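Everything numeric here is computed off the predicted structure, so don't read it as measured data.
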Amino acid sequence: MKQGDFVHVVYFWLKEPENQEDRSSFEKSLTNFINNSEFIQTKHLGTPAATDRGVIDNSYTYCLLVTFENKEMHDKYQVEEGHLQFIEESSNLWEKVLVYDSENLLK
């Protein structure tokens, strides 16, 4: 699978990160959406790695990284039914979300 030139990285901080029921619900909803998106080229869902250096922020609960062919595909993903359903199902579980989008300079 070709990696996309548009990268979308989302960090989630759950309200109750130790609550296994919340984690399971969040993972199920997000995984269902991500696995059925028609616009995502590559995907990664993870938790903080066991690394410890001064420059590392491992305070988040989950990291989602997805790539798209271009910004237009990303914009379609934003209004995709599954994306909107995921937000509806899971937004009550998180207290903070940060998003970082970037476009590839290396062609």
Colleague: Could you state the interatomic distance from CZ (Phe33) to OG1 (Thr31), rounded to the nearest 0.5 Å?
Modeller: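 Phe33 CZ to Thr31 OG1: 11.0 Å, rounded to 0.5 Å.
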Colleague: Hydrophobic clustering (ILVMFWY, side-chain heavy atoms < 4.5 Å, transitive) - are Tyr100 and Ile56 grouped together?
Modeller: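 No; Tyr100 is not reachable from Ile56 via cluster members.
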Colleague: Evaluate Leu14 against Arg23 for side chain to side chain contact (heavy atoms under 4.5 Å, CB included), listing each step before the verdict.
Modeller: CA-CA 8 Å; Leu14 295 190; Arg23 291 178 78 97; 4.0 Å; yes
Colleague: Check the angle between the aromatic planes of Phe86 and Trp94 and answer parallel, tilted or perpendicular using the 30° and 60° thresholds.
Modeller: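 The arrangement is tilted - the two ring planes meet at 30° to 60°.
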Colleague: Check whether more than 12 heavy atoms from other residues, nucleotides or ligands sit under 6.0 Å from atom CD of Glu21, and answer yes or no.
Modeller: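 At most 12 heavy atoms, drawn from other residues, nucleotides or ligands, come within 6.0 Å of this atom.
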Colleague: According to the interplanar angle, ranging from 0 to 90°, do the rings of Phe26 and Tyr62 count as parallel (below 30°), tilted (30 to 60°) or perpendicular (above 60°)?
Modeller: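 Aromatic pair Phe26/Tyr62 classed parallel.
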Colleague: Quick check: do Tyr77 and His8 have side-chain heavy atoms less than 4.5 Å from each other?
Modeller: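 Tyr77 reaches His8 side chain to side chain.
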Colleague: Under a single-linkage definition using a 4.5 Å side-chain heavy-atom cutoff for Ile, Leu, Val, Met, Phe, Trp and Tyr, are Val66 and Val97 assigned to the same hydrophobic cluster?
Modeller: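 Linked within one cluster.
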Colleague: Determine whether Val7 and Leu65 make a side-chain contact, defined as any pair of heavy atoms from C-beta on separated by less than 4.5 Å.
Modeller: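 They are in contact (side-chain heavy atoms under 4.5 Å apart), so the answer is yes.
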Colleague: Do Gln85 and Glu81 meet the criterion of a side-chain donor-acceptor pair at a distance under 3.5 Å?
Modeller: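 No, because no side-chain N or O of Gln85 sits under 3.5 Å from a partner of the opposite role on Glu81.
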Colleague: Ile87, Val79: one ILVMFWY side-chain cluster at the under-4.5 Å cut-off?
Modeller: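 Different hydrophobic clusters.
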Colleague: Thr61 side chain to Pro17 main-chain N or O, any donor-acceptor pair under 3.5 Å?
Modeller: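 Answer holds: no.
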Colleague: Please evaluate residues Asn70 and Phe6 with respect to the criterion side chain to side chain contact (heavy atoms under 4.5 Å, CB included), reporting the C-alpha separation (whole Å), side-chain torsions for both, the decisive distance (0.1 Å), and the verdict.
Modeller: CA-CA 5 Å; Asn70 52 42; Phe6 191 98; 5.5 Å; no
Colleague: I would like to know whether Ile34 and Ile40 meet side chain to side chain contact (heavy atoms under 4.5 Å, CB included); could you show each step before the answer?
Modeller: CA-CA 8 Å; Ile34 295 302; Ile40 293 171; 3.6 Å; yes
Colleague: Atom CE of Met73 and atom CZ of Phe39: how far apart are they, to the nearest 0.5 Å?
Modeller: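 It is 6.5 Å, given to the nearest 0.5 Å.
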Colleague: What is the distance from atom NZ of Lys76 to atom OG of Ser37, rounded to the nearest 0.5 Å?
Modeller: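 With rounding to 0.5 Å, NZ (Lys76) is 11.5 Å from OG (Ser37).
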Colleague: Kindly compute the distance separating CG (Asn35) from CG (Leu45), expressed to the nearest 0.5 Å.
Modeller: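 Going from CG on Asn35 over to CG on Leu45, the span is 9.5 Å.
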Colleague: For atom NZ of Lys15, decide whether the heavy atoms of other residues, nucleotides or ligands shown that lie under 6.0 angstrom number more than 12.
Modeller: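 For Lys15, atom NZ is crowded (more than 12 foreign heavy atoms under 6.0 Å).
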Colleague: Taking side chain as C-beta onward, heavy atoms only, is Phe68 less than 4.5 Å from Asp75?
Modeller: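 No, side chains not in contact.
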